[in-house]
Amino acid sequence: MNTPVAIRATEIVLPGAVEPSGLEVRTRDLPAPDKGQVLLRMDATGVSFAEQQMRRGKYYDQPAFPFVPGYDVVGTVTATGPGVDAELTGRRFAAVTKVGAWASHLLIDAAELTPVPDGMDAATAETVVVNGITAWQMLHRMAKVRAGGTVVVLGANGGVGSILAQLARHAGITVIGTASARHHASVRELGAIPVDYHDPDMYDQIREIAPDGVDAVFDHVGGPGLAQSWRLLRRGGTLVSYGTAATKNEEGSSQLPVLKLFAQLVAWNSMPNGRSAHFYNFWAGRRRRTEWQRRLTQDLTEVLRLVANGVLTPQIAAQIPLHDAASALALAESRTVIGKVILVPGA
């Protein structure tokens, strides 16, 4: 254990269901790390779709306002609490937080840390924390598509989609990726076949590319288009739903769209056609926390290894100082970017 000097942390607070400009900046003193904890200096954190839903009060497991957003973080340990190896100090780690990472410093359990390879830029690593774990688990743990297969990735220019496309290509899988026309060159660079998601004949175009059906569709949009995704599957294919972006602006319960989605997936799974439908929940199995964390660390370590080896090229949309989180959130919500918007410490 090493004794830290007093740390005054800067945090971004979401006070309620406000526009991005309604985010607030506050400072507060952090206590010394408790037993099993470390003090982490934030080197990079990100803006994910979860924060976009949370600011509307539309996240399925919505935190109570006010709170500090921030789903994941890459940072450097500056102090350790009782029972934690002091040798961790000065080393860079990644962690999943769900909330709390939009801060200059935060306290976190040491057991939740995954080492970042030496020399890897913090923003690069941050880009593949939650997004990389999500993409890896959906492709390899849920859909289990083999080399030679074909998959559809909706939003292949996004934070998860861009990683998913690269992972699939690395595994020898053909990728059809939807994106707006202005992003098609970038989608091709990821190794995917681009299709314009603004085209009303998008699904017909996908069928022309894969007339025998596809092995998996990864759909974060939900809504009416989900049935179209289901119809793209060949026998034995898998639909992986991992969001309800189509309903993000609808008023009412944050849980109702997801519950409707669950009901639809159950109905499809009852059909005797050899196809399957699943909802990917990042937090599934967390009640068995040790096993859940072991799997998370294992998968993130593999994704970071692929980044270090040049197999994966993280897509960084922008790096914006923490104190300007409002601009970062607005940019992420604009749907004009490739990859992930990253928050970094201010000057």
Side-chain angles (χ1 to χ4, degrees), residues 1-5 7 9 11 28-46 48 50-51 54 59 61 63 67-120 122-138 140-142 163 280-308 343 345:
M1 173 183 167
N2 52 359
T3 303
V5 296
I7 289 293
E11 299 176 327
R28 69 181 181 102
D29 291 328
L30 290 182
D34 204 346
K35 182 179 180 180
Q37 288 185 326
V38 302
L39 177 65
L40 198 69
R41 183 194 69 222
M42 185 272 286
D43 297 328
T45 182
S48 68
E51 284 95 22
M54 287 177 183
Y59 186 68
D61 188 20
F67 66 93
V68 176
Y71 219 83
D72 55 5
V73 65
V74 170
T76 301
V77 173
T78 61
T80 57
V84 179
D85 185 356
E87 293 297 316
L88 298 185
T89 304
R91 294 174 56 191
R92 177 170 285 167
F93 294 90
V96 177
T97 52
K98 198 170 189 178
V99 295
W102 288 8
S104 64
H105 299 78
L106 61 156
L107 296 168
I108 190 167
D109 289 346
E112 298 176 359
L113 301 175
T114 298
V116 172
D118 291 341
M120 184 175 291
T124 297
E126 163 59 27
T127 306
V128 300
V129 182
V130 164
N131 288 351
I133 295 167
T134 297
W136 178 273
Q137 292 184 347
M138 290 195 301
H140 293 299
R141 292 190 181 272
M142 187 165 278
I163 298 172
Y280 173 78
N281 175 9
F282 187 93
W283 302 96
R286 202 182 186 209
R287 291 182 179 179
R288 300 174 61 183
R289 185 159 184 160
T290 300
E291 172 61 21
W292 180 86
Q293 184 65 48
R294 182 200 64 77
R295 186 171 64 246
L296 182 151
T297 300
Q298 176 183 329
D299 295 346
L300 178 55
T301 298
E302 180 62 19
V303 170
L304 289 170
R305 184 187 69 80
L306 292 174
V307 174
L343 291 169

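All values reported here derive from a predicted model rather than from experimental measurement. Residue indices begin at 1 and follow the sequence shown.
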Peer 1: Show me, pair by pair, the donor-acceptor contacts under 3.5 angstrom made by side chains of residues 100-119, not counting sequence neighbours?
Peer 2:
from, atom 1, to, atom 2, distance (Å)
Trp102, NE1, Gly46, O, 2.9
Ser104, OG, Thr10, N, 2.8
Glu112, OE2, Arg289, NH2, 2.2

Peer 1: Going by side-chain contact (heavy atoms from CB on, under 4.5 Å), name the residues that satisfy it together with Arg294, two or more places apart in sequence or in a different chain.
Peer 2: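 With neighbours one apart ignored, the set is Glu291, Gln298.
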Peer 1: Does the side chain of Thr80 come within less than 4.5 Å of Thr89's, by heavy atoms?
Peer 2: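 Thr89 vs Thr80: side chains touch.
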Peer 1: Suppose we screen for side-chain contact (heavy atoms from CB on, under 4.5 Å). Which residues come up paired with Arg28, at least two apart in sequence or across chains?
Peer 2: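 In terms of side-chain contact (heavy atoms from CB on, under 4.5 Å), with neighbours along the sequence ignored, Arg28 is linked to Glu11, Arg26, Leu30.
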Peer 1: Determine whether a donor-acceptor pair (N or O, by modelled atom type, separation under 3.5 Å) exists between the side chain of Thr45 and the backbone of Gly70.
Peer 2: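 No.
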Peer 1: Identify whether the distance between the nearest side-chain nitrogen and carboxylate oxygen of Asp61 and Lys98 falls below 4.0 Å.
Peer 2: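 Between Lys98 and Asp61 there is a salt bridge, with a charged N closer than 4.0 Å to a carboxylate O.
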Peer 1: Under 4.5 Å between any side-chain heavy atoms of Val73 and Leu40, yes or no?
Peer 2: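 Side-chain contact under 4.5 Å: yes.
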Peer 1: Grab the two heavy atoms, one from Tyr59 and one from Met54, that are nearest each other, plus how far apart they are.
Peer 2: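 Shortest heavy-atom separation between Tyr59 and Met54 comes out as CB-CG, 3.6 Å.
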Peer 1: Does Ser48 offer a backbone N or O that forms a donor-acceptor pair with the side chain of Glu51 under 3.5 Å?
Peer 2: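 Judged by distance alone, yes, a pair lies under 3.5 Å.
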Peer 1: List the atom of Pro33, the atom of Ala79, and the distance in Å for their closest heavy-atom pair.
Peer 2: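 Heavy-atom minimum between the residues: CG-O, 4.0 Å.
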Peer 1: Sequence neighbours excluded, which residues qualify as salt bridge (Lys or Arg N to Asp or Glu O under 4.0 Å) partners of Arg305?
Peer 2: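 Listed in chain order: Glu302.
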Peer 1: Is there side-chain contact between Gln137 and Arg295, with heavy atoms separated by less than 4.5 Å?
Peer 2: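 Sidechains of Arg295 and Gln137: in contact.
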Peer 1: In a table with atom names and distances, give each donor-acceptor pair under 3.5 Å that connects a side chain of residues 127-135 to protein atoms at least two apart or in another chain.
Peer 2:
from, atom 1, to, atom 2, distance (Å)
Thr127, OG1, Ala123, O, 2.7
Thr134, OG1, Val130, O, 2.8

Peer 1: Rounded to the nearest 0.5 Å, what separation is found between the CG atom of Leu306 and the OG1 atom of Thr301?
Peer 2: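 Rounded to the nearest 0.5 Å, the CG-OG1 separation comes to 11.0 Å.
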Peer 1: Quick check: do Asp299 and Leu296 have side-chain heavy atoms less than 4.5 Å from each other?
Peer 2: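 With C-beta onward as the side chain, the pair stays apart.
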Peer 1: Using ring pair (Phe, Tyr, Trp, His ring centres under 6.0 Å) as the criterion, list what pairs up with Trp292, not counting sequence neighbours.
Peer 2: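 Expected list: Trp283.
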Peer 1: Can you list everything that forms a side-chain contact (heavy atoms from CB on, under 4.5 Å) with Thr124? Sequence neighbours excluded, please.
Peer 2: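 So Thr124 forms a side-chain contact (heavy atoms from CB on, under 4.5 Å) with Met120, Asp121, Val307, Pro314, Ile316.
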Peer 1: Return the set of residues passing side-chain hydrogen bond (donor to acceptor under 3.5 Å, both in side chains) with Gln37 (not counting sequence neighbours), or none when no residue passes.
Peer 2: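 Gln37 satisfies side-chain hydrogen bond (donor to acceptor under 3.5 Å, both in side chains) with no residue once adjacent residues are dropped.
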Peer 1: Does a side-chain heavy-atom distance below 4.5 Å link Pro63 with Val99?
Peer 2: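 In contact.
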Peer 1: Which distance, rounded to the nearest 0.5 Å, do you find between the CZ of Arg141 and the CE of Met138?
Peer 2: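 Spacing of CZ (Arg141) from CE (Met138) equals 13.5 Å.
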Peer 1: Return the set of residues passing side-chain hydrogen bond (donor to acceptor under 3.5 Å, both in side chains) with Arg41 (not counting sequence neighbours), or none when no residue passes.
Peer 2: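 Checked Arg41 against side-chain hydrogen bond (donor to acceptor under 3.5 Å, both in side chains); matches are Asp43, Thr76.
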Peer 1: Give the minimum heavy-atom separation between Glu126 and Ala44, together with the two atoms involved.
Peer 2: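 Closest approach of Glu126 to Ala44, heavy atoms only: OE1-O, 3.6 Å.
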Peer 1: Kindly assign one of parallel, tilted or perpendicular to the pair Tyr280 and Phe282, based on the angle between their ring planes and the thresholds 30° and 60°.
Peer 2: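 Tyr280 vs Phe282 ring planes: perpendicular.
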Peer 1: Distance check, rounded to the nearest 0.5 Å: Thr78 atom OG1 versus Leu88 atom CG?
Peer 2: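 Between Thr78 OG1 and Leu88 CG, I get 11.5 Å after rounding to 0.5 Å.
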